[in-house]
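Letters A, B, ... mirror the listed sequences (proteins, then strands); counts begin at 1.
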2 protein chains.
Amino acid sequence: MKIGELSKVTGCSVQTIRHYEKEHLIASAERSEGNFRLYDEAAVEQLLFIKHCRSLDLSLPEIRQLLALNRSPGAQCDDVNRMMDRHIEQVEARIQELTKLNEQLRMLRRSCSNRRTVEQCGILRNLSATPVSSG
Amino acid sequence: MKIGELSKVTGCSVQTIRHYEKEHLIASAERSEGNFRLYDEAAVEQLLFIKHCRSLDLSLPEIRQLLALNRSPGAQCDDVNRMMDRHIEQVEARIQELTKLNEQLRMLRRSCSNRRTVEQCGILRNLSATPVSSG
DNA sequence: GCTTGACTCTATAGTTAATATAGAGTTTAA
DNA sequence: TTAAACTCTATATTAACTATAGAGTCAAGC
Ligand SMILES: [Zn+2]
Ligand SMILES: [Zn+2]
Ligand SMILES: [Zn+2]
Ligand SMILES: [Zn+2]
């Protein structure tokens, strides 16, 4: 299987696959006589694993760590669990942040109706004033 | 006022101020004989405006547009309102995304308790399987 | 054999909004 | 006059790709 087919099968772009190779998320592929990368089913599995992790916003270093753990099946999995806990914490913190931001933006938006001039624009006036306290 | 003082007064780092100048968010500052940037109160105001916008996650191009509008006080402010609406939409979309993500992560996390081996780890097994349908 | 087109290769630059250097020059005070 | 503190420009780094240029490979058709 050449890289184009792997790309179709997995839904990862060709550049992304090469990128993952350079970042050591997947092993350097075998090469054909003409220097084309050649892949097998194992590559498909691994790429889907990576894609799944990315869909959960895990970072490439985090995924690298998970892949390494996968290679030592006898080890304890505490590290995996800790990583997940930390990751979940960060996602929840970001949700909090954005929720607060959203409230401020909606408040700001309410300060202007259409058909005003820039001079009268409540949004611009509020942006010029001291920031709304976020506490 | 030299750049260091402007930095202290506004809470923007010196590099950030230079960066904003290069990106044309603030005008090129006057220079002293020794080629040091010199600022006045107007620069403080403008920088605080930018900082306030950034705290609302407005992008530099968006801020540039707001600053341009600020310079034509007679214009209609519809553009400002539209930008805000678009920006709010994006923030809310991101909150939705992260909320969905968070549910999936928590579900995944529940699939493993401590003290298992990597081979038995529910998290790794689920990551290897087909992604959870996201609704 | 030759050409065409689809594919692949490497290397490089761009994306965002800063942040961090290096190496040089300026200013102020001891 | 020397040192500290400050400033200058230019360049590299961050994350995870994405896009491009320019060259090489391969299969099919004539
Ligand atoms: Zn993470
Ligand atoms: Zn308005
Ligand atoms: Zn925006
Ligand atoms: Zn586990």
Side-chain angles (χ1 to χ4, degrees), chain A residues 1-26 28-39 43 46-67 83 86-87 90-91 94 97-98 101, chain B residues 1-26 28-39 43 46-67 83 86-87 90-91 94 97-98 101:
Chain A
M1 189 187 316
K2 283 184 292 187
I3 198 167
E5 196 183 339
L6 182 62
S7 170
K8 259 184 212 142
V9 171
T10 61
C12 301
S13 80
V14 167
Q15 299 103 300
T16 298
I17 296 171
R18 291 198 197 108
H19 180 65
Y20 286 166
E21 181 181 312
K22 198 191 297 184
E23 296 290 321
H24 303 293
L25 282 157
I26 55 180
S28 291
E30 306 282 307
R31 297 297 181 110
S32 72
E33 278 192 11
N35 198 33
F36 286 8
R37 289 173 179 83
L38 296 177
Y39 298 98
Q46 187 149 6
L47 217 43
L48 288 176
F49 178 92
I50 295 171
K51 204 184 166 196
H52 191 182
C53 291
R54 286 296 300 138
S55 79
L56 296 170
D57 248 12
L58 290 163
S59 68
L60 298 195
E62 280 168 339
I63 297 172
R64 206 180 284 122
Q65 194 181 337
L66 289 178
L67 289 166
M83 177 193 296
R86 219 171 26 239
H87 190 72
Q90 282 169 12
V91 169
R94 184 66 182 146
E97 257 181 48
L98 286 178
L101 197 60
Chain B
M1 190 187 316
K2 282 184 291 185
I3 198 167
E5 197 184 339
L6 182 62
S7 169
K8 258 184 213 142
V9 171
T10 61
C12 300
S13 80
V14 167
Q15 300 104 299
T16 297
I17 296 171
R18 291 198 198 109
H19 179 62
Y20 287 166
E21 181 182 312
K22 196 190 302 183
E23 296 290 320
H24 303 293
L25 282 158
I26 55 181
S28 290
E30 307 280 306
R31 298 296 181 110
S32 72
E33 278 192 11
N35 199 32
F36 286 9
R37 291 174 178 81
L38 296 177
Y39 298 97
Q46 188 150 6
L47 217 43
L48 288 177
F49 178 92
I50 295 172
K51 204 184 167 197
H52 190 182
C53 291
R54 287 294 301 138
S55 79
L56 296 170
D57 247 13
L58 290 163
S59 66
L60 299 195
E62 281 168 338
I63 297 171
R64 206 179 285 123
Q65 192 182 336
L66 289 178
L67 289 166
M83 177 192 296
R86 220 171 25 238
H87 190 72
Q90 281 169 12
V91 169
R94 184 67 182 145
E97 256 181 49
L98 287 177
L101 197 61

Visitor: May I ask you to evaluate whether R64(B) reaches the phosphate of dA17(C), defined as a side-chain N or O under 4.0 Å from OP1 or OP2?
Guide: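 Indeed not, no polar side-chain atom of R64(B) lies that close.
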
Visitor: Without decimals, in angstroms, what is the distance between F36(A) CZ and dT25(D) C1'?
Guide: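 Rounded to the whole Å, the gap is 4 Å.
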
Visitor: Rounded to whole angstroms, how far apart are NZ on K2(B) and P on dC8(D)?
Guide: 9 Å

Visitor: Check whether any side-chain N or O of H87(A) sits under 3.5 Å from a backbone N or O of L56(A) as a donor-acceptor pair, and report yes or no.
Guide: yes

Visitor: Whole angstrom is fine here: how far is it from CD in E33(B) over to P in dG25(C)?
Guide: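 Those two atoms, CD and P, are 18 Å apart.
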
Visitor: Nearest 0.5 Å please: distance from the CG atom of L25(B) over to the CZ atom of F49(B).
Guide: 10.5 Å

Visitor: Could you tell me how far apart E5(B) (CD) and dT27(C) (P) are, to the nearest whole angstrom?
Guide: 17 Å

Visitor: With rounding to the nearest 0.5 Å, note down the distance linking SG in C12(B) to CZ in R18(B).
Guide: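 So the gap between those two atoms works out to 13.5 Å.
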
Visitor: Give R37(B) one of three labels, base, sugar-phosphate or nothing, depending on what nucleic acid heavy atoms sit under 4.0 Å from its own.
Guide: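 Touches sugar-phosphate only.
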
Visitor: Round to a whole Å and report the spacing from CD of Q15(B) to P of dT11(D).
Guide: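 That distance rounds to 17 Å.
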
Visitor: With nearest nucleotides of DNA chain C determined for G4(A) and D57(B) from heavy-atom distances, which residue corresponds to the more 5′ nucleotide?
Guide: G4(A)

Visitor: Nearest of dC9(C), dA17(C), dC26(D) to any side-chain atom of S32(A)?
Guide: dC26(D)

Visitor: If you assign R18(A) and K22(A) each to the DNA chain C nucleotide with the nearest heavy atom, which residue ends up on the more 5' nucleotide?
Guide: R18(A)

Visitor: When you check the gap from the basic side-chain N to the acidic O, do E5(B) and K2(B) get nearer than 4.0 Å?
Guide: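 Here E5(B) does not pair with K2(B) in a salt bridge, since their nearest N and O are not under 4.0 Å apart.
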
Visitor: Name the nucleic acid region contacted by R54(B), choosing base, sugar-phosphate or nothing; use a 4.0 angstrom heavy-atom cut-off, strictly under.
Guide: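 If one applies the 4.0 Å heavy-atom cut-off, R54(B) turns out to touch the sugar-phosphate alone, with no base involved.
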
Visitor: To the nearest Å, give me how far apart CG (L38(A)) and C1' (dC7(C)) are.
Guide: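 Nearest whole value for this atom pair: 13 Å.
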
Visitor: If you assign L60(A) and I3(B) each to the DNA chain D nucleotide with the nearest heavy atom, which residue ends up on the more 5' nucleotide?
Guide: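 With L60(A) and I3(B) compared, the 5'-side residue is I3(B).
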
Visitor: Measuring to OP1 and OP2 of dT18(D), would you say a side-chain N or O of T16(A) lies under 4.0 angstrom away?
Guide: yes

Visitor: Looking only at side-chain N and O atoms, does Y20(B) come under 4.0 Å of OP1 or OP2 in dA17(C)?
Guide: no

Visitor: CD of E23(B) versus P of dT15(C): gap in Å, rounded?
Guide: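 About 10 Å, once rounded to whole Å.
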
Visitor: Ignoring hydrogens, what is the shortest heavy-atom contact between L66(B) and C53(B)? Give both atom names and the distance.
Guide: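 The pair with the smallest heavy-atom distance is CD1-SG, 4.0 Å.
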
Visitor: Rounded to whole Å, please give me the gap between CD1 in I26(B) and P in dA18(C).
Guide: 12 Å

Visitor: May I ask you to evaluate whether S13(B) reaches the phosphate of dA18(C), defined as a side-chain N or O under 4.0 Å from OP1 or OP2?
Guide: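 For S13(B), the contact criterion (side-chain N or O under 4.0 Å from OP1 or OP2 of dA18(C)) is not met.
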
Visitor: Of the options dT12(C), dC17(D), dA17(C), whose atoms approach the side-chain atoms of H19(A) most closely?
Guide: dC17(D)

Visitor: On the nucleotide dT9(D), are OP1 or OP2 found under 4.0 Å from the side-chain N or O atoms that R31(B) carries?
Guide: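 Result: yes.
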
